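The basis for the numbers below is simple: all heavy atoms, side chains too, and nothing from hydrogens, waters or symmetry mates. Positions are given from 1, in the same order as the sequence printed here. Predicted model only: the values in this text are computed from it and were never measured.
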Amino acid sequence: NYTSPLKKVDKAKVNKSLSYLPKRESTSETDMCTAMKKAQTKYSLNQAESAYFVFRWISENIAYDCYSYVHGGIDYKEESSYTKGLAVCEGYSLIFKRMCEALRLETVKIIGYSKGTSYVPGKLPTKTNHAWNAVKIDSVYYLVDSTWGSGSCSNDKFTKKLKEFYFCTKPEAFANSHLPADNKWQLTSKIITLNEFVETVKLNIAFYENGFETISPSLPILNVEEKSKVTLTYDKSINNLTITNHLYYLEGNRI
């Protein structure tokens, strides 16, 4: 059974630890790591709190470089990611790794495939397109995506919003949108192939947070007659539920 390390996190302690740190703009990454170690000791952060401390710091101090992603000219150097406070997944995952390691947490950078903005249902990707991490907490590895956990892009504008869902996500839920190039980092009971990954319906955070389950169909592409009807069902005992669906023709035009 999966138990989230968030249950071991005292967020009040983490907030105090964050307020103890200097401003990113006036501090080198090395000095920031030193300050984090001092905060970890001062507030007696356990391993779960230490990892969450880094996750929170990144969400508050690093923004996704949406403009460069859309228009080109991305700088993948991790040093400039910290200095500028702008990064793409490469920078996010490297900063998370270095900061966690400064707090004596074993951390791995993972390369793989994601169902991000470039994802096309049913289409096999030709190369990896995302990076995230695994961090060891109390002798167990957990999956973390500090990029997606920090906010989201709308065209070339980034909106910061902490998404705790991507901190130590349950592997089976994480696998819906993330597939590592090295299968051992799936951390799931059953290995998922790349074909299975792209042919599984992409689900959002709210789906998991509200405890929904998929019944059918399981495929993201439906072959239907021109006048076919799609029906959505839900448990009517759930209060204040709004269902939003997006359907597209294969050519990409929205229905």
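- Linking Ile, Leu, Val, Met, Phe, Trp and Tyr residues whenever their side-chain heavy atoms come within less than 4.5 Å leaves Trp132 and Tyr113 in two separate clusters.
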Just distance, no hydrogens or angles: give the donor-acceptor pairs under 3.5 Å from side chains in residues 146-157, sequence neighbours left out.
from: Ser150; atom 1: OG; to: Ser146; atom 2: O; distance (Å): 2.6
from: Asp156; atom 1: OD2; to: His71; atom 2: NE2; distance (Å): 3.2

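- Two different hydrophobic clusters hold Leu179 and Leu187 under the rule that ILVMFWY side chains link at heavy-atom gaps under 4.5 Å.
- A salt bridge links Glu196 to Lys190: one of the charged nitrogens lies within less than 4.0 Å of a carboxylate oxygen.
- Close placement of the Tyr52 and Phe167 rings is indicated, their centers lying within 6.0 Å of each other.
- Side chain of Tyr119 to main chain of Lys202: no donor-acceptor pair is present (N/O by atom type, distance under 3.5 Å, no hydrogens or angles).
- With hydrogens and angles disregarded, a donor-acceptor distance shorter than 3.5 Å links the side chain of Asn176 to the backbone of Leu203.
- Between Lys8 and Asp138 a salt bridge is recorded (basic side-chain N to carboxylate O distance below 4.0 Å).
- Looking at Leu143 and His178, their side chains never come closer than 4.5 Å, going by heavy atoms from C-beta outward.
- For Tyr142, the ring pair (Phe, Tyr, Trp, His ring centres under 6.0 Å) test picks out no residue, with sequence neighbours left out.
- Arg98 has a carboxylate O that lies under 4.0 Å from a charged side-chain N of Glu29, or vice versa, which qualifies the two as a salt bridge.
- Atom NZ of Lys42 sits in a sparse spot, with 12 or fewer heavy atoms from other residues, nucleotides or ligands closer than 6.0 Å.
- Contact check on Glu164 versus Lys11 returns a salt bridge, with a Lys/Arg side-chain nitrogen under 4.0 Å from an Asp/Glu carboxylate oxygen.
- In this structure, a donor-acceptor pair under 3.5 Å is present between the side chains of Gln40 and Ser50.
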